[in-house]
Amino acid sequence: MVPQFPVFDLHGDLLSYLINKEGSTPMDSDIGCSIPFWKKGNVKLQVLSIFTTTNLGSVKKARHQAEKYKEILNVYSDHIYPMDSRNDLNSIIKTPGTAVMVAIENASGICEEEDHLDQAFFNLEQIIEQTGPLFYITITHHTENRFGGGNYSKVGLKPDGEILLEYLSGKKIAVDLSHTSDKMAFDLLNFIDQKQLDIPVIASHSNFRNIWDHPRNLPEELVREIIKRKGLMGMNFVRAFVDNDHHYTLQNHIRFGWANGLEDHLAFGADFFWTGSLNDPQRIPYFHPEHENAGKYPSIIDHLKVGEEEMEKLEKLCYLNVCKFIKSQIF
Ligand SMILES: [Zn+2]
């Protein structure tokens, strides 16, 4: 057994579960990212996404999740506490419970398709006021929205997306490539460079397309961009993005990252969401049993079978890379 390192996880969908399932709480076991699993898995920092699809009512749903976040911080203060610039690595590791912070998954949560664009900035500020610092924004989801193209589209960055990026410059909020089309990702990076915008870049919950060919995973060129920009890549546990048939391919994604210059950029972004409301026969089970909740972290880490000499890169993967990124680019 390797030492049980603390885990900093870049992506979990607890908040949308809480607003969508009646009577749900963060103590539940029907979502893989909840307080009991964090304890079992030694998860010491969890980024919680404010997730919406691109549909009417998305702004209201995002607001509801921000309120829910505030509420659970109050009610479950024995188990979770807000991550902010005052928390350093030592304090997070030593403090009982799990530090949490939020991210926005789909900018449709701050601005619907027909809203005036100014509304986006107002809503964004309101969310930040309520939740504290944002780790990142994933501008699109699977589909296209007013800002650009998502994973299952071929659309690139749109004029509203450019305005949003300009707004984000210097605000210490990362932009997330996990749900962009490839064209959108390249457009966005080119725009950042062209305008010399100050925006950190990550892929919060995506694997390698070289290992498992799926539009949710990053192609080699984008992986190189993450390295060049000193970003992060959070390894995703969803079966469809790991490998439909073999659970151990998750470890192969990680080993591929290590072998390709990502030792200082790899992290976890397990992406536990509520599967109870979904019913796609092709995708059931949504997670391999070996990765089905955050309590599985110790065995996932153990299965990497890392030798003494590789302990350092394991420690970086589990928490040190995220820690360094937060310190240098977010706070
Ligand atoms: Zn996602």
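Please read all numbers here as calculations on a predicted model, not as lab measurements. We count ligands from 1, going down the list as the structure has it; atoms in each ligand are counted the same way. The first residue in the sequence is number 1, and the count goes up from there.
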Please tabulate, one pair per line, all N/O donor-acceptor pairs under 3.5 Å involving side-chain atoms of residues 274-285, not counting sequence neighbours.
{"residue": "D280", "atom": "OD1", "partner": "Q282", "partner atom": "N", "Å": "3.1"}

* To do: May I ask you to check whether Y297 and F5 place their ring centres under 6.0 Å from each other?
  => no
* State whether Y167 and K171 meet the cation-pi test: NZ (Lys) or CZ (Arg) under 6.0 Å from the six-membered ring centroid, and within 45° of the perpendicular axis. => yes
* Asked: What residue among I326, V100, V102 forms side-chain contact (heavy atoms from CB on, under 4.5 Å) with M83?
  -> I326
* Would you confirm whether the ring centroid of F241 sits within less than 6.0 angstrom of the ring centroid of F208? => no
* To do: Answer with yes or no after comparing the ring centroid distance for H288 and H246 against a 6.0 Å cut-off, counting only values under it.
  => no
* To do: Tally every protein N/O/S atom whose distance to the Zn ion (ligand 1) is less than 2.8 Å; waters are neither shown nor counted.
  => 3
